[in-house]
S.K.: 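My questions all concern the structure below.
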Protein chains: 2
Amino acid sequence: MVLNDISLPAGTQTLARGLEVIRAVAHGATDLRSVTEVTGLGRSTAHRLVQLLERYGYLRVAAGRDYSLGPTLIEFGFRALHQNPLPVVARPILEELAEKVQDTVHLAIVDAGEVLYLDKIPGNRGAEMRSRIGHRMPLTKTGIGKALILDRGDEWRALYEAEHRGSADGAEEFVGRMEDYRRHGAAMDLEENEPGIRCVSAPIRDAGGVIVAAVSVSATKPFMPAQRMRGLVPVVRAAARSISRSLGYGG
Amino acid sequence: MVLNDISLPAGTQTLARGLEVIRAVAHGATDLRSVTEVTGLGRSTAHRLVQLLERYGYLRVAAGRDYSLGPTLIEFGFRALHQNPLPVVARPILEELAEKVQDTVHLAIVDAGEVLYLDKIPGNRGAEMRSRIGHRMPLTKTGIGKALILDRGDEWRALYEAEHRGSADGAEEFVGRMEDYRRHGAAMDLEENEPGIRCVSAPIRDAGGVIVAAVSVSATKPFMPAQRMRGLVPVVRAAARSISRSLGYGG
DNA sequence: GGACGCTGTTCGACATTCCGGGACGCTCTC
DNA sequence: GAGAGCGTCCCGGAATGTCGAACAGCGTCC
């Protein structure tokens with residue numbers, strides 16, 4: 001997490017370093033020293049970048065020390081969310097689904113090999129889930145993540161092993177369950193990621209039939225017996241299909 | 001809107017240009033040409049920056065052309081929102097207020113001389129307002145903006161004139177109304193910004209008594225007769241005071 | 001149908017720009 | 001009151017980014 005130039009960003013190192021500073025602050029660095037430690041930059045350099053980022057509103061600097069992410073990121077973050085047609089067209093359908101099931105509904109995409117939540121409608125019963133818009137989660141440990149990789153059969157094993165280092169057994173069983181999910185057109189999560197939380201999820205496809213997002217319904221175990229999960233499959237699939245059609249999917 | 005170096009960005013011009021590219025895309029530039037036009041950069045330079053920004057997830061580039069803001073901004077945007085203690089402690093109080101008044105509730109701060117919305121709870125009646133989290137509005141044309149500048153008596157006239165170029169009369173009347181609002185500890189908006197929308201707003205103060213945010217209740221005119229607006233003043237002020245206390249305000 | 005004009009993209013030489021050591025003032029600790 | 005730690009500023013050397021030119025792929029206009 002110290003060097004970034006491992007990849008191949010040819011020609012622009014100052015911008016890269018600046019973005020690295022933002023990431024450091026996003027990940028909890030709150031003063032100049034921790035920023036230099038995380039980024040590997042010199043004091044002067046880091047300080048100069050911080051100053052510029054503050055001027056642009058990407059960072060907020062309270063009383064010299066105490067950095068935090070700034071208001072410009074709030075503005076552009078929401079703008080990014082709404083520049084994407086998906087959350088906009090999906091919203092009403094998600095609301096309808098939430099109304100019907102009375103549980104927490106999520107919308108998510110794949111980004112950088114992870115689940116990225118784009119929308120969330122909290123359920124009315126049980127404890128509220130800790131998920132938030134903008135949060136990231138592993139692909140193979142969440143129901144919605146599994147729905148997102150439903151079509152990538154040849155990557156299942158590799159993804160599972162990458163996210164389960166240490167205990168790399170269970171891969172066989174995972175692949176078997178994924179086969180099953182693919183046949184049903186919906187994935188499930190039985191408390192793998194978070195104990196006590198279960199969920200049912202279905203993929204959303206664009207005009208070309210490619211999976212671009214997924215919907216899920218989640219609830220605590222008492223509200224999610226096996227029988228109800230089976231009953232939710234067609235409901236969640238119907239919502240996903242409805243969103244897919246809005247994106248031009250014909251199938 | 002073409003040049004940025006008008007200010008005094010000491011020492012770091014590449015980062016500044018990169019952030020300028022992001023802003024260009026945020027403001028609607030969707031291809032390389034429009035980015036170069038807005039930023040004033042050369043084709044090569046702009047392209048290199050775009051590449052790096054895409055790699056970091058700040059921009060999304062579909063099929064070479066067609067730029068949009070990327071997923072990293074979504075992630076950091078929400079993180080920025082929740083790193084700030086204000087939206088977190090305010091949330092439950094805003095929900096309670098929304099429940100009580102059944103109209104749209106907003107939370108906002110001042111940023112870069114504008115109102116920046118940090119939270120919104122849509123009302124249950126009338127058309128939904130077009131405001132969104134992350135949106136910006138003028139300070140002197142919105143009720144919540146007026147609440148935010150309630151203590152800045154010496155800037156009222158300048159702010160008003162800055163935001164009302166052309167018809168710079170009415171400044172006297174504006175100042176007069178602000179005096180009135182200050183006495184009551186709450187500001188109002190009578191369809192000045194958006195026809196048909198009225199609102200009542202009150203300032204939130206930190207431990208030092210400085211106004212750091214404001215709450216507002218908005219609704220369409222039929223739901224907001226003058227009498228109800230007067231009745232809402234103590235309600236909105238109570239909510240604002242409750243949030244202020246959570247921030248350490250003693251007053 | 002051929003040439004143009006417009007995209008996004010790459011490369012390389014020059015000089016501009018940024019890096020980082022060092023020094024300053026400050027606050028808090030011992 | 002000495003020291004360490006913080007954020008902040010400056011200046012010379014050199015690594016860095018800039019910009020022009022050129023390439024390839026399309027769509028378009030004559």
S.K.: Examine dT16(C): is either OP1 or OP2 under 4.0 Å from a nitrogen or oxygen in the side chain of Gln13(B)? Give yes or no.
M.R.: no
S.K.: For Arg43(B), which contact category applies under a 4.0 Å heavy-atom criterion: base, sugar-phosphate, or nothing?
M.R.: nothing
S.K.: Without decimals, in angstroms, what is the distance between Leu53(A) CG and dC18(C) C1'?
M.R.: 15 Å
S.K.: Taking only the side-chain nitrogens and oxygens of Arg48(B), find out if one of them lies under 4.0 Å from OP1 or OP2 of dT18(D).
M.R.: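 True: Arg48(B) side-chain N/O within range (under 4.0 Å) of dT18(D) OP1/OP2.
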S.K.: Give a yes/no answer on whether the side chain of His47(A) brings an N or O atom under 4.0 Å of OP1 or OP2 in dG7(D).
M.R.: no
S.K.: Phosphate oxygens OP1/OP2 of dT10(C): is one of them under 4.0 Å from a side-chain N or O of Gln51(B)?
M.R.: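 Yes, such a contact exists.
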S.K.: Atom CG of Asp66(B) and atom P of dT9(C): how far apart are they, to the nearest Å?
M.R.: 12 Å
S.K.: Starting at CG of Asp31(B) and ending at C1' of dC6(C), how long is that distance when rounded to a whole Å?
M.R.: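 Rounded to whole Å, this separation is 11 Å.
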S.K.: Considering heavy-atom distances to DNA chain D, does Gly42(B) or Tyr67(A) have its closest nucleotide positioned more toward the 5' end?
M.R.: Tyr67(A)
S.K.: State the pairing partner of dT29(C); accept Watson-Crick or G-U wobble contacts with both distances under 3.5 Å, and report none otherwise.
M.R.: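 The answer is dA2(D), by the H-bond criterion.
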S.K.: Does Thr12(B) put a side-chain nitrogen or oxygen below 4.0 Å from OP1 or OP2 of dT17(C)?
M.R.: no
S.K.: Please report whether the ring centroid of Phe78(B) lies less than 6.0 Å from that of Tyr117(A).
M.R.: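 Aromatic pair excluded; centres sit 6.0 Å or further apart.
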S.K.: Reading DNA chain C from 5' onward, which residue's closest nucleotide shows up sooner: Thr30(B) or Ser44(A)?
M.R.: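 Its nearest nucleotide being more 5', the pick is Thr30(B).
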S.K.: Does Arg33(A) put a side-chain nitrogen or oxygen below 4.0 Å from OP1 or OP2 of dG7(D)?
M.R.: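 Indeed not, no polar side-chain atom of Arg33(A) lies that close.
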S.K.: Would you find a donor on one side and an acceptor on the other, under 3.5 Å apart, between the side chain of Ser244(A) and the backbone of Ala240(A)?
M.R.: yes
S.K.: Can you spot which of Ile121(B), Val215(B), Ile243(B) makes a side chain to side chain contact (heavy atoms under 4.5 Å, CB included) with Leu97(B)?
M.R.: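 Running side chain to side chain contact (heavy atoms under 4.5 Å, CB included) over Ile121(B), Val215(B), Ile243(B) with Leu97(B) returns exactly one hit, Val215(B).
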S.K.: How are the rings of Phe76(B) and His27(A) set to each other: parallel, tilted or perpendicular (split at 30° and 60°)?
M.R.: perpendicular
S.K.: Would you say dG17(D) has OP1 or OP2 under 4.0 Å from some side-chain N or O of Thr14(A)?
M.R.: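 Looking at the OP1 and OP2 atoms of dG17(D), one of them is under 4.0 Å from a side-chain N or O of Thr14(A).
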